[in-house]
Amino acid sequence: MKKWILALTIAGGVLALSACNQSGSDNVAESKVGNVTQEELYNSMKEKYGEQALQQLVYEKVLSKKYKVTDKELNEKIDQLKADLGANFETTLAQYGYKSEADLKKTMKLGMMQEKAAMKDVKVTEKELKDYYDSYQPEIKARHILVADEKTANEVKKKLDGGAKFEDVAKEYSTDTASAQNGGDLGWFGTGKMDPDFEKAAYALKVNEISAPVKSQFGYHIIQLTDKKEKKSYEDMKKEIEYQVKSSKLTSESINKAMQRELKAANVKVSDKDLKDALNPQTPAAAAHQ
C-alpha cells in the first residue's frame with residue numbers, strides 16, 4: 001500500500017471538528033450534573049485532532065484548485081488496493097481508522113493530489129524510463145494450492161496429474177482458505193507482489209501449465225498459470241512508466257516541500273493561535289507522510 005494513502009489517517013470523528021459551532025449557545029449533551037456545550041466539544045476535539053483536521057481541510061482547498069483527480073483515477077487506485085489486499089481489505093480499513101470505503105476515498109483523493117503536486121518537481125531521464133521498460137514484466141494470473149509439507153504437495157500434484165479438477169483439490173487441501181474458496185484463484189498480480197520464490201516459479205510457467213511443488217516462506221505451493229498479459233510497446237507504456245519511475249522517487253521530504261510551495265502560493269495564514277504550527281513540515285500531521 002502506498003505510504004501516502006495512509007498519510008492523513010485520522011482517528012474517528014475528526015472531520016466533525018470543522019462542523020462544530022463555536023458559539024457555545026447550544027448543548028450537545030445534557031445531564032443532571034452539567035451540560036456539554038458545542039464550544040466545549042469543539043475545543044476538546046481541536047486539542048486532540050485540530051492540527052491534522054486543519055491540515056487536511058486546507059490541503060484539500062489549496063490542491064483541488066490546481067490538481068484534478070477524476071473518479072476514474074480514484075476508482076482505479078481503490079481497485080488496485082483491493083487487489084493487493086484481497087480478503088484483508090475491510091480489516092485493513094478498520095485497522096487504520098477508516099469507517100468505510102467512502103472515508104478511504106476522501107483521504108486517497110487528497111493523497112493523489114499531493115502526489116501530483118510533488119511530481120512536478122521530479123525529473124526523469126530517457127535512460128531511466130527505458131531501463132524500467134526492459135526489466136518490466138506484465139501481470140500474470142495464477143491459482144495455487146498451499147500445503148504445509150512437501151509430501152502433501154507431491155500428493156496434490158499427483159492428483160492433478162491424474163485429472164482431478166484444480167478447484168476441487170484446492171478446496172480440499174489448500175491452507176490458504178481465502179483463495180481456496182475460489183478454487184485457488186489469486187487474480188492478477190505483477191512483480192513484487194508475491195513471495196519471491198513463488199513469483200519466480202509462477203512467471204516461469206506457460207499458460208495452463210502446473211508447477212512442481214514450490215517452497216516459499218508460507219509452505220509448499222502447486223501453481224497453475226491461467227493467463228498472462230502481453231507486454232505493450234515502449235511508446236504505448238511510456239506515460240505509465242514515467243508515472244511509476246517518478247512515483248518511486250517521491251519521499252516524505254519532497255512531498256512536504258511541494259506542500260509548502262503550494263501553501264505559500266495560496267498565501268495561507270492560520271489565524272487560530274492554538275493551531276499556528278499545524279501546517280509546518282515538522283508537525284505530527286506532516287510527519288505522517290514518512
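Note that the coordinates shown come from a computational prediction; the quantities given were computed from them, not determined experimentally. Side chains are part of it too, since the values below use all heavy atoms of this structure and drop only hydrogens, waters and symmetry mates.
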Quiz item: Between T191 and Y203, which heavy-atom pair has the shortest distance, and what is it?
Solution: N-OH, 3.6 Å
Quiz item: Does atom NZ of K215 have more than 12 heavy-atom neighbours from other groups under 6.0 Å away?
Solution: no
Quiz item: Any side-chain donor paired with an acceptor under 3.5 Å for D149 and T152?
Solution: yes
Quiz item: Does the side-chain contact (heavy atoms from CB on, under 4.5 Å) test come out yes or no for I78 and M108, once each step is laid out?
Solution: CA-CA 8 Å; I78 292 288; M108 185 175 283; 3.7 Å; yes
Quiz item: When E242 is tested against each of K239, K238, K246 for salt bridge (charged side-chain N to carboxylate O under 4.0 Å, His left out), which residue passes?
Solution: K246
Exercise. Return yes when atom NZ of K165 has more than 12 non-hydrogen atoms of other residues, nucleotides or ligands closer than 6.0 Å, and no otherwise.
Key: no
Exercise. Establish, for the pair K231 and Y133, whether the NZ or CZ atom is under 6.0 angstrom from the six-membered ring centre and no further than 45 degrees off its axis.
Key: yes
Quiz prompt | Exercise: do S233 and D236 side chains pair donor with acceptor under 3.5 Å | solution = yes
Practice problem: Look at the rings of H221 and H144 and say which category their plane angle falls in: under 30° parallel, 30 to 60° tilted, over 60° perpendicular. | Solution: parallel
Quiz item: For the hydrophobic clusters of this structure (ILVMFWY residues joined by side-chain heavy atoms under 4.5 Å, transitively), does one cluster hold both I241 and Y136?
Solution: yes
Quiz item: Do you see a donor-acceptor pair shorter than 3.5 Å between the side chains of Y59 and E262?
Solution: no
Exercise. Consider only side-chain N and O atoms of T91 and N88, and report whether a donor and an acceptor are under 3.5 Å apart.
Key: no
Quiz item: Around K48, counting heavy atoms of other residues, nucleotides and ligands shown, do more than 12 lie under 6.0 Å from its NZ?
Solution: no
Practice problem: Specify the closest pair of heavy atoms between N267 and K269, including all atoms of both residues, with the distance to one decimal. | Solution: OD1-NZ, 2.5 Å
Quiz item: Considering all heavy atoms of both residues, which atom of Y234 and which atom of E126 are nearest to each other, and what is their separation?
Solution: OH-OE2, 2.9 Å
Quiz item: Can you check side-chain contact (heavy atoms from CB on, under 4.5 Å) on E128 and T125, steps first, answer last?
Solution: CA-CA 5 Å; E128 287 178 301; T125 65; 3.2 Å; yes
Self-check item: Atom NZ of K61: over 12 foreign heavy atoms under 6.0 Å
Solution: no
Exercise. Determine the minimum heavy-atom distance between A278 and L54, stating which atoms define it.
Key: CB-CD2, 3.9 Å
Quiz item: Just wondering, more than 12 heavy atoms not from K66 lying within 6.0 Å of its NZ?
Solution: yes
